[in-house]
Amino acid sequence: MALKATIFKATLNIADMDRHYYADHQLTLARHPSENDERMMIRLLAFALNACEGLEFTKGLSTDDEPELWQKSLSDEIELWIELGLPDESRLRKACNRSRQVILYAYGARAVPVWLEKHKNKLSRFRNLTIVELPSESTEILAGLVERNMNFQISIQDGEVSFGNESALVNITPTPLFP
């Protein structure tokens with residue numbers, strides 16, 4: 001018997017001073033059985049960093065031809081494609097060919113520089129690709145904040161992210177790696 005996704009509810013109160021974006025979002029996340037808490041929280045972080053009208057979670061891990069998050073135009077064209085982790089170069093190539101902008105949030109500590117060195121030459125031709133590294137110390141702490149019903153206050157200023165709830169605050173410094 002196949003395992004079903006676990007449903008989580010999250011309220012994000014976002015104050016992004018860098019983009020002048022201030023909004024509350026009520027989100028429902030389906031965590032795939034193979035997804036861990038850290039990855040799910042990175043999805044929430046990626047949402048917060050790119051929050052806008054029309055940004056939405058996709059089927060993610062359960063489908064090969066969709067990103068983790070995307071934003072589509074009114075004519076159903078993909079404007080923003082957001083990936084997580086250290087995907088294969090062919091997946092990023094496909095994303096860059098299908099979307100106006102692609103952002104990869106890479107995580108995994110020591111594996112990120114090795115992955116980037118391996119794929120950098122092939123990825124350098126994509127002008128619509130941005131790769132951002134998330135520090136593992138911060139993403140591991142984020143994983144400890146998981147509950148079935150979550151409420152987070154997220155503040156973004158000068159590239160720094162403060163991600164917190166009633167009991168904890170995590171400071172995250174995403175590092176642009178590429179271009």
Side-chain angles (χ1 to χ4, degrees), residues 10 12 14 16-19 21 29 31-52 55 57-71 78-146 152 154-164 168-179:
L12 304 183
I14 302 171
D16 186 340
M17 279 71 76
D18 292 348
R19 297 185 303 136
Y21 180 86
L29 291 103
R31 186 177 71 193
H32 191 273
S34 66
E35 183 177 41
N36 62 25
D37 289 345
E38 180 181 25
R39 189 171 194 287
M40 183 181 73
M41 292 302 288
I42 291 171
R43 282 197 293 146
L44 275 179
L45 175 60
F47 184 95
L49 288 167
N50 298 280
C52 62
L55 183 65
F57 293 103
T58 65
K59 295 176 185 169
L61 287 174
S62 62
T63 185
D64 288 336
D65 61 345
E66 292 182 1
E68 295 301 324
L69 296 120
W70 62 16
Q71 177 189 4
I78 303 169
E79 295 193 357
L80 176 62
W81 178 298
I82 298 175
E83 283 289 331
L84 304 178
L86 303 172
D88 188 62
E89 176 270 333
S90 63
R91 182 165 176 84
L92 290 174
R93 179 180 22 160
K94 181 169 100 174
C96 288
N97 289 332
R98 291 184 61 196
S99 177
R100 189 174 63 79
Q101 180 184 8
V102 177
I103 301 173
L104 168 64
Y105 289 100
Y107 66 98
R110 294 180 298 215
V112 174
V114 173
W115 177 89
L116 186 60
E117 187 62 34
K118 177 180 177 187
H119 297 289
K120 193 171 191 173
N121 288 338
K122 290 180 182 178
L123 297 177
S124 64
R125 67 182 177 164
F126 300 113
R127 300 288 173 233
N128 59 338
L129 174 64
T130 301
I131 301 174
V132 178
E133 182 177 13
L134 301 173
S136 61
E137 314 81 51
S138 301
T139 60
E140 289 169 6
I141 296 170
L142 275 180
L145 303 180
V146 171
F152 295 110
I154 301 164
S155 176
I156 303 167
Q157 185 173 16
D158 298 328
E160 300 284 323
V161 181
S162 295
F163 196 111
L169 180 66
V170 181
N171 291 310
I172 305 161
T173 305
T175 305
L177 297 178
F178 182 86

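The salt bridge (Lys or Arg N to Asp or Glu O under 4.0 Å) search around D18 returns none, not counting sequence neighbours. With sequence neighbours excluded, the residues forming a salt bridge (Lys or Arg N to Asp or Glu O under 4.0 Å) with R19 are D16, listed by chain and number.
Contact between Y107 and V112 at its shortest, heavy atoms only, is C-CG2, 3.7 Å. Contact between Q71 and C52 at its shortest, heavy atoms only, is OE1-SG, 3.4 Å. Listed here is the closest heavy atom pair of S136 and A109: OG-CB, 3.5 Å. The two atoms that bring R91 and D65 nearest to each other are NH1-N, 4.5 Å, heavy atoms only. Annotation for S138 and V170: closest pair O-CG1, 3.8 Å, computed over non-hydrogen atoms. What you find for G85 and L104 is that their closest heavy atoms are O-CD1, 3.4 Å.
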*Run the side chain to side chain contact (heavy atoms under 4.5 Å, CB included) check on Y105 and L45 step by step: do they pass?*
CA-CA 10 Å; Y105 289 100; L45 175 60; over 6 Å; no

*Could you please spell out the steps behind the side chain to side chain contact (heavy atoms under 4.5 Å, CB included) verdict for N50 and L69?*
CA-CA 10 Å; N50 298 280; L69 296 120; over 6 Å; no

*asked:* Pair L49, I82 - check side chain to side chain contact (heavy atoms under 4.5 Å, CB included), show working.
replied: CA-CA 11 Å; L49 288 167; I82 298 175; over 6 Å; no

Quiz: residues 117-126 side-chain donor-acceptor pairs under 3.5 angstrom, not counting sequence neighbours:
| unit_1 | atom_1 | unit_2 | atom_2 | d |
| --- | --- | --- | --- | --- |
| H119 | NE2 | W115 | NE1 | 3.4 |
| S124 | OG | N121 | O | 2.8 |

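The closest side-chain heavy-atom distance from L169 to S162 is below 4.5 Å. Side-chain atoms of F163 and M41, non-hydrogen and from C-beta on, do get closer than 4.5 Å to each other. Within the 4.5 Å cutoff, no side-chain heavy atoms of T130 are placed close to those of P176. Looking only at side-chain heavy atoms (C-beta outward), P179 and L129 stay at 4.5 Å or farther from each other.
Under 3.5 Å, the side chains of E38 and T139 contain a donor-acceptor pair of N or O atoms.
Between W81 and W70, the two ring planes are perpendicular [angle over 60°; tilted spans 30° to 60°].
Here I156 contributes atom CD1 and I14 contributes atom CD1; the two are 6.5 Å apart, rounded to the nearest 0.5 Å. Rounded to the nearest 0.5 angstrom, I131 CD1 and T175 OG1 are separated by 13.0 Å. Annotation: the span from E140 atom CD to L134 atom CG amounts to 12.0 Å, rounded to 0.5 Å. Interatomic distance, CD of E66 versus CD of E83, reported as 10.5 Å (0.5 Å rounding). Here T173 contributes atom OG1 and E133 contributes atom CD; the two are 11.5 Å apart, rounded to the nearest 0.5 Å. Between the CD atom of E137 and the CG atom of N171 there is a distance of 12.5 Å, given to the nearest 0.5 Å.
E35 pairs in a side chain to side chain donor-acceptor pair (under 3.5 Å) with only one of the listed residues (H32, R39, R31), which is R39.
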